[in-house]
Number of protein chains: 2
Amino acid sequence: MLFLLTRVNTLSLVHQQVPCMPTKRPTQADVARAAGVSRATVSYVVNGLANSQVSISRTTYQRVQAAITELEYHPDARAQSLRSGGATNTIGLLLPDMHNPFYWKIASGVEQEAQNAGFDLLLFSTSLNAEREEHTLRALARRQIDGLILNLTFPGRISEALKLLARRHNPVVILGKPVPNLDAVEVKPGYQEHAHEIMAHLFALGHRRIGFIYGLVNQEIDAGRLNAYREALQMFGLPMDETLVDRCGATLADGYRAAHRLLACKPRPTALISLNDLLAIGALRAIHEQGFTVPRDLSIVGFDNIDMAAYLHPPLTTVHYDANAVGHEAVKLILARLKEPERPVQVIQIPTHLMLRASTGPVLES
Amino acid sequence: MLFLLTRVNTLSLVHQQVPCMPTKRPTQADVARAAGVSRATVSYVVNGLANSQVSISRTTYQRVQAAITELEYHPDARAQSLRSGGATNTIGLLLPDMHNPFYWKIASGVEQEAQNAGFDLLLFSTSLNAEREEHTLRALARRQIDGLILNLTFPGRISEALKLLARRHNPVVILGKPVPNLDAVEVKPGYQEHAHEIMAHLFALGHRRIGFIYGLVNQEIDAGRLNAYREALQMFGLPMDETLVDRCGATLADGYRAAHRLLACKPRPTALISLNDLLAIGALRAIHEQGFTVPRDLSIVGFDNIDMAAYLHPPLTTVHYDANAVGHEAVKLILARLKEPERPVQVIQIPTHLMLRASTGPVLES
DNA sequence: TTGAAAGCGTTACCAG
DNA sequence: CTGGTAACGCTTTCAA
């Protein structure tokens, strides 16, 4: 056995070479020839039309089947869908970021529901890159997919996606802010109300200085969320202190650093609101490192209720949002439109609610 | 605006219907007609053969381009790959479980590397369902994908996947235990050594009663891992107490329940080894709930070093394994074999190492 | 009950 | 420089 070092970090073992037979993929014609029938007959057998439309003699049927298994024939999906002018049994999913558990859950929901309906999933992540998003949309246009589920980072492109695909009479579902004439599953609807609810909760616990971990994949886009909190602050007569808003990225590390910065503010905020749970997890680490105890010294609130939220120490107060359901509903919308193309546009909201857990508590009198 | 309640949990708004034009997708012929050229010419322009093989007059080129943008023509990928007899620019990824962050990191790595190489990702999760795994493999056989990355749950099927796809001269990469004649990225290689290393670490800290959270997606399959610990125990002269092995599922909740059960053992174990970080997170919650402090009262070790591991309270001692790199390397193997089909079979190992963090500490003298 | 033949939208070869 | 034309692998109508 020969050892070979391929790359700095990677040890690779090269086994003895086995010459693969360059076996050509068998075609319908090969099967027909092997079975001594015509190609049409093979098609009938494969598609199970044997019993309904056309009838095939028992013996021919078996001969064909035998040839199929013998040759390991599998029909070419490209040719099938090309010829029969339609379904590719594929739906596309475009997500902004694969690092946040929130999006995995959406993807997972989509995958499950799609599988159940017999569709395969083509997954793209734009990674916050506008060019890539555009490129992906273009790729999606050539590819014949039966439906597309979009969670765009750059809403400006929505019109393009719409043009490219919806016009082709292809079901498109938007995840996020609904767009005219397209089915949608609203992502995090009622953000406003929950911002208010969270604020009310913290206010009631005595919090007056509240920090924001405003970590977004793209700062420009979701400015609306901050406004929700601005308004909520106002309703409780609290001033908006911009130094308490930390604008950062959307990773664990961003949450960690943001919390460090916010904790350095004087006077120290007594509560932190984090745009999502992932950031909150990062923040929790920073808080613990500085020797603070949650919620005694500091309260923290997340958003999304990712699976881990309930398992953190302390369990995280957050807004529950069923990301899995988003995926399921999105696929259902696709299926519904596939079945009935002219149905009215539908927007689905997944209910959300505040989950009070142990990460929020009263302000310590001192 | 009309409100309609679609399902128990779901509020849906039905907007006014907008009659979509049933615009037929424009074909190459449509473009040719619009530009007043032949279909071949359109093909040349689209594929940029204009400069190399054939040359197209400036004016014709522009006329064609104009028609293309005018009609929003996008070549049909099915027809293209069918005719040019090959590349579909798609690679398939088959994963056992979409709920574990570990697999997501693999998927994320695959997605990135594939995108960079211009490939789209077809994602499947078998969800531990043997039928589904088989079904998926069959679907994959009809679909013409350029490469397949497999992390099988049921190794028995490997031979089938191999037959169906590798024989078609299609690059297949195995994630996990290498299989003869197939490229592979070993998943968690050196499990044995790390089991030993972990045990040595705990032993040195004075731990003698060590519990196992043996939470697997499929119990039968990975029995080998437990043996690694059995052997390690033996090497340190510790008896294997089967009551300290909790066989459970692979979710957060499984880890949580397992820890509760293990903590009820008398005498209580002083350390827990968890098959992965996810289970460890679940366990941590149980430990905290029972009022224990980690690592003072109890040590815990995970495996995988998922992103959150370093952010937990306390940060988790675990074995670092770069799941992202698994994805990247797997795609690189596909690409290499695509370029050079007869290259020797290669097995890649991603280096791992024990990450000592604060979740393990000495046994409290009492 | 089976087969011939006409495409589906594309590419690539060979004439003009 | 450009335009026929034959495939690619399949489905489906129409005849036999």
Side-chain angles (χ1 to χ4, degrees), chain A residues 24-65 67-68 71-89 141-146 168, chain B residues 24-65 67-68 71-89 141-146 168:
Chain A
K24 265 300 264 185
R25 183 193 177 98
T27 113
Q28 197 184 52
D30 294 331
V31 177
R33 206 174 309 120
V37 297
S38 84
R39 291 175 34 239
T41 311
V42 177
S43 179
Y44 297 145
V45 171
V46 167
N47 297 12
L49 299 184
N51 302 326
S52 51
Q53 317 240 345
V54 216
S55 47
I56 303 259
S57 77
R58 187 121 192 83
T59 57
T60 337
Y61 184 85
Q62 288 175 336
R63 270 220 314 283
V64 173
Q65 281 293 12
I68 286 174
L71 296 177
E72 286 177 326
Y73 167 71
H74 290 267
D76 184 325
R78 319 202 282 317
Q80 280 181 308
S81 82
L82 183 57
R83 174 61 238 235
S84 45
T88 51
N89 283 326
R142 338 182 172 284
R143 218 174 246 289
Q144 289 288 56
I145 56 175
D146 297 334
R168 307 258 188 267
Chain B
K24 264 299 266 184
R25 182 195 178 97
T27 118
Q28 200 183 50
D30 295 330
V31 176
R33 205 174 310 116
V37 296
S38 84
R39 288 169 42 238
T41 311
V42 176
S43 178
Y44 297 144
V45 171
V46 167
N47 297 11
L49 299 183
N51 301 325
S52 51
Q53 317 239 346
V54 214
S55 48
I56 302 261
S57 77
R58 186 117 193 83
T59 57
T60 330
Y61 184 86
Q62 288 175 337
R63 268 219 316 283
V64 174
Q65 281 295 12
I68 286 175
L71 296 177
E72 287 177 326
Y73 165 71
H74 290 268
D76 184 324
R78 322 203 284 310
Q80 280 181 307
S81 83
L82 181 58
R83 174 58 241 231
S84 45
T88 52
N89 284 325
R142 342 180 170 284
R143 219 174 243 289
Q144 290 288 55
I145 55 174
D146 297 334
R168 306 255 188 268

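In what follows, chains are A, B, ... by sequence order, proteins preceding strands, each numbered from 1. Bear in mind that the values here come from a model prediction, so they are computed numbers and not experimental data.
- B:Tyr73 is listed as a side-chain neighbour of B:Val46, based on a closest heavy-atom distance under 4.5 Å.
- In terms of phosphate contacts, B:Ser43 brings no side-chain nitrogen or oxygen within less than 4.0 Å of OP1 or OP2 of C:dT10.
- In terms of phosphate contacts, B:Tyr61 brings no side-chain nitrogen or oxygen within less than 4.0 Å of OP1 or OP2 of D:dT2.
- OP1 or OP2 of D:dG3 sits under 4.0 Å from a side-chain N or O of B:Thr41.
- Listed candidates were D:dT13, D:dC10, C:dC14. Nearest to the side chain of B:Tyr44 is C:dC14.
- Between D:dT2 and B:Thr60, a contact under 4.0 Å exists linking OP1 or OP2 to a side-chain N or O.
- Of all the heavy atoms in A:Ala67 and A:Ala34, the pair that sits closest is CB-CB, 4.0 Å.
- Between B:Arg78 and A:Ser81, the shortest heavy-atom distance links the atoms NE-OG, 2.5 Å.
- Between the CG atom of A:Asn47 and the P atom of D:dT12 there is a distance of 7 Å, rounded to whole Å.
- Distances shorter than 4.0 Å separate some side-chain N or O of B:Ser57 from OP1 or OP2 on D:dT2.
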Check against side-chain hydrogen bond (donor to acceptor under 3.5 Å, both in side chains), B:Arg25 and A:Gln144:
CA-CA 10 Å; B:Arg25 182 195 178 97; A:Gln144 289 288 56; 2.6 Å; yes
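- One can place CZ of B:Arg78 at 9 Å from P of C:dT10, the figure rounded to the nearest angstrom.
- Atom CZ in B:Arg83 sits about 15 Å away from atom C1' in C:dG7, given to the nearest Å.
- One atom, CD of A:Gln28, and another, P of C:dA6, lie 17 Å apart when rounded to the nearest Å.
- Position along DNA chain D of the nearest nucleotide to A:Ala40 versus B:Val37 favours B:Val37 as the more 5'-ward residue.
- Atom-to-atom, CZ of B:Arg142 to P of D:dC10 comes out at 11 Å; the value is rounded to the nearest Å.
- In this structure, the CZ atom of B:Arg39 is 15 Å from the P atom of D:dA7, given to the nearest Å.
- OP1 or OP2 of D:dT11 sits under 4.0 Å from a side-chain N or O of A:Gln80.
- Annotation: side chain of A:Asp30 is in contact with side chain of A:Arg33 (closest heavy-atom distance under 4.5 Å).
- Between the CG atom of B:Asn89 and the C1' atom of C:dT10 there is a distance of 15 Å, rounded to whole Å.
- Atom CG of B:Asp76 and atom P of D:dG9 are 16 Å apart (whole Å).
- Regarding contacts with the backbone of D:dT11, every side-chain N or O of A:Ser84 stays at 4.0 angstrom or more from both OP1 and OP2.
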